[in-house]
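Below: the structure, in structure tokens.
Numbers here are sequence positions counted from 1.
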Amino acid sequence: MKYLLFIISIVLVHCLSAQNCTPEMLIQKPGIWKASRKGSQGGTAAELAKEKKIVAAIHEMIKAKYSPVAVEANFHGAYNPWYTNMPGNSFYYSIIPLNFYCDGNTVKTQHETGSYFQIAANIFETEIYDTAQGDRLLMEGFNAMYHLPVLRDGYWFFKDIDVSLGMGMTGKRTMWLVTYDGKLPYAYVTRREFLEKRSKALMVQKNMAAAGHRDVLKSIETEKSFKEKEFKNDPAKMSKYLKMDYGQIKARYEKLLADNDKYFAPAFSAIETQLKMPAVELDKPAIVKSDPNSSPNYLFTTADDPFCKILIKPNPYYFNKKLPKSTPQFFSVYVRADNKEAIAAKFMADIIKAVDFNLLKSMLGK
């Protein structure tokens, strides 16, 4: 009888707990670790072995201070091949936390999320190893970032910003760079560098815009030579052609060329004026934005301008090229989540506390 009562009590406790799946209960429910499928596997066998050892150490660092709550913490490492413009391989450790949720009285795990955590070696969200490519080459001429980091306690901190999480949601992003003491793995472009490169880009843009007009003018001159032969014995027809066709088309496209010159002239003039600024001004970092009153032109601004672009370029002097390619020479730490949703916000707060920045710094160059 006592055994029967014991079984009944267990069943009752189970039923009562099953009926109490609530957001308040979920936020206290222990989560689980889950290894995700293997990421990319680049590099030589020796490099890959060392990189996996580093990623494993990072995982142990996180596990020492972070225990998943209300999430399935999917973790994995990815290892990229070496690229010729990089002094070392890039590789990273990441966690994708899938929230628990209540389906009636059953606790289930979501299949997607906008939350994400990453510690990456030798790679950053902005391109730092190469110069600008594509459209940007004819715009600012350099790669751009949008916020200046601040050196805090020996690490570079980027201010929290609002970001898209996908699925129509937004949240917060927090990011750090762990680098050699007081240094950055990229360099800031000076105003002088920007102006000189912008002048060349403007000339390319101007010539591109004029190319079609010049082609038309060239083609009507070719046509004119044929008409001169065709109407060699008919001056009246030649006169009419010159007046009605050739003359009108030539005038129209010569005006378009002149208008094109006028369109770009203020931007060239602004650059010439700015290049006459004192050296102390020209040596400042180039923080720019598009001129709302002159589309080909840019204005210098400050880092707190919401429309600013902080121009950067590769900094080869930062890296020790004698080190093995599997050596971390800087780490970027990145986390984003919906700070308005309790489970995601807790993940973000807890995972940040688990990052041992001193340990990461001690791994640099080794």
Side-chain angles (χ1 to χ4, degrees), residues 124-128 130-150 158-164 168 170 172-173 175 184 186-218 248-315:
F124 181 49
E125 69 169 8
T126 302
E127 173 59 63
I128 64 171
D130 212 341
T131 54
Q133 303 292 326
D135 291 343
R136 189 173 292 280
L137 190 59
L138 291 179
M139 295 167 64
E140 298 84 18
F142 296 90
N143 291 321
M145 55 198 304
Y146 303 95
H147 304 280
L148 281 174
V150 177
F158 290 81
K159 71 176 184 178
D160 294 352
I161 61 170
D162 295 327
V163 293
S164 171
T170 59
K172 290 289 183 183
R173 181 225 69 183
M175 186 168 64
L184 284 167
Y186 59 85
Y188 294 112
V189 174
T190 67
R191 290 179 172 183
R192 186 194 309 275
E193 289 174 308
F194 164 73
L195 290 170
E196 289 174 347
K197 196 164 190 177
R198 181 62 189 150
S199 181
K200 295 176 182 178
L202 265 180
M203 185 58 68
V204 172
Q205 288 178 306
K206 176 183 172 182
N207 289 334
M208 287 173 62
H213 307 329
R214 292 197 181 102
D215 287 345
V216 172
L217 289 171
K218 184 178 180 180
Q248 291 185 14
I249 295 173
K250 183 178 181 181
R252 183 189 314 145
Y253 281 90
E254 284 180 340
K255 183 179 185 304
L256 288 172
L257 277 178
D259 289 344
N260 187 63
D261 288 344
K262 290 179 183 178
Y263 176 76
F264 284 95
F268 281 110
S269 177
I271 289 175
E272 290 175 8
T273 300
Q274 289 169 320
L275 281 170
K276 295 176 183 177
M277 293 190 299
V280 66
E281 291 295 320
L282 289 171
D283 290 339
K284 289 181 178 180
I287 304 176
V288 303
K289 68 176 180 180
S290 296
D291 186 344
N293 299 314
S294 177
S295 58
N297 198 21
Y298 283 85
L299 303 174
F300 290 123
T301 185
T302 57
D304 56 359
D305 188 323
F307 302 103
C308 80
K309 294 178 181 178
I310 302 159
L311 306 185
I312 63 171
K313 62 182 180 179
N315 179 14

Any side-chain to backbone donor/acceptor pair from [X] onto [Y]? Under 3.5 Å, distance only.
X: Asn315; Y: Leu184; answer: yes
X: Asn143; Y: Asp130; answer: yes
X: Glu254; Y: Arg252; answer: no

Quick one: do Leu137 and Thr131 satisfy side chain to side chain contact (heavy atoms under 4.5 Å, CB included)? Show the steps, please.
CA-CA 8 Å; Leu137 190 59; Thr131 54; 5.8 Å; no
Rounded at 0.5 Å granularity, tell me how far CG in Leu195 sits from CG in Leu282.
6.5 Å
Nearest 0.5 Å please: distance from the CE atom of Met277 over to the CZ atom of Arg192.
9.0 Å
The test is side chain to side chain contact (heavy atoms under 4.5 Å, CB included); show your working for Lys159 and Ile161 and say whether it passes.
CA-CA 6 Å; Lys159 71 176 184 178; Ile161 61 170; 4.2 Å; yes
Can you tell whether the side chains of Arg173 and Asp160 come within less than 4.0 Å, N to carboxylate O?
no
Take Arg191 and Asp283 through the test salt bridge (charged side-chain N to carboxylate O under 4.0 Å, His left out) and record every step on the way to the result.
CA-CA 6 Å; Arg191 290 179 172 183; Asp283 290 339; over 6 Å; no
Going through the distances and angles, do Met145 and Phe158 end up as a side chain to side chain contact (heavy atoms under 4.5 Å, CB included)?
CA-CA 11 Å; Met145 55 198 304; Phe158 290 81; 3.3 Å; yes
Which atom pairs, donor and acceptor, lie under 3.5 Å between side-chain atoms of residues 255-272 and protein residues at least two apart or in another chain?
residue	atom	partner	partner atom	Å
Lys255	NZ	Asp259	OD2	2.9
Asn260	ND2	Lys206	O	3.2
Asp261	OD1	Lys206	NZ	3.3
Tyr263	OH	Ser295	OG	2.3

Extract all donor-acceptor atom pairs below 3.5 Å that involve side chains of residues 297-313 and protein atoms in other chains or at least two apart in sequence.
residue	atom	partner	partner atom	Å
Asn297	ND2	Asp291	OD2	3.4
Tyr298	OH	Glu140	OE2	3.2
Thr301	OG1	Asp305	OD2	2.8
Thr302	OG1	Asp304	OD1	2.3
Asp305	OD1	Phe307	N	2.8
Asp305	OD2	Lys289	NZ	3.0
Lys309	NZ	Glu140	OE2	2.8
Lys313	NZ	Glu193	OE1	3.3
Lys313	NZ	Glu193	OE2	2.6

Take Lys197 and Val189, measure what side chain to side chain contact (heavy atoms under 4.5 Å, CB included) needs, and give me the verdict at the end.
CA-CA 11 Å; Lys197 196 164 190 177; Val189 174; over 6 Å; no
Of all the heavy-atom pairs spanning [X] and [Y], show the shortest one and how long it is.
X: Glu196; Y: Leu275; answer: CG-CD2, 4.2 Å
X: Met139; Y: Arg198; answer: O-NH1, 3.0 Å
X: Ala132; Y: Arg136; answer: CB-CG, 4.1 Å

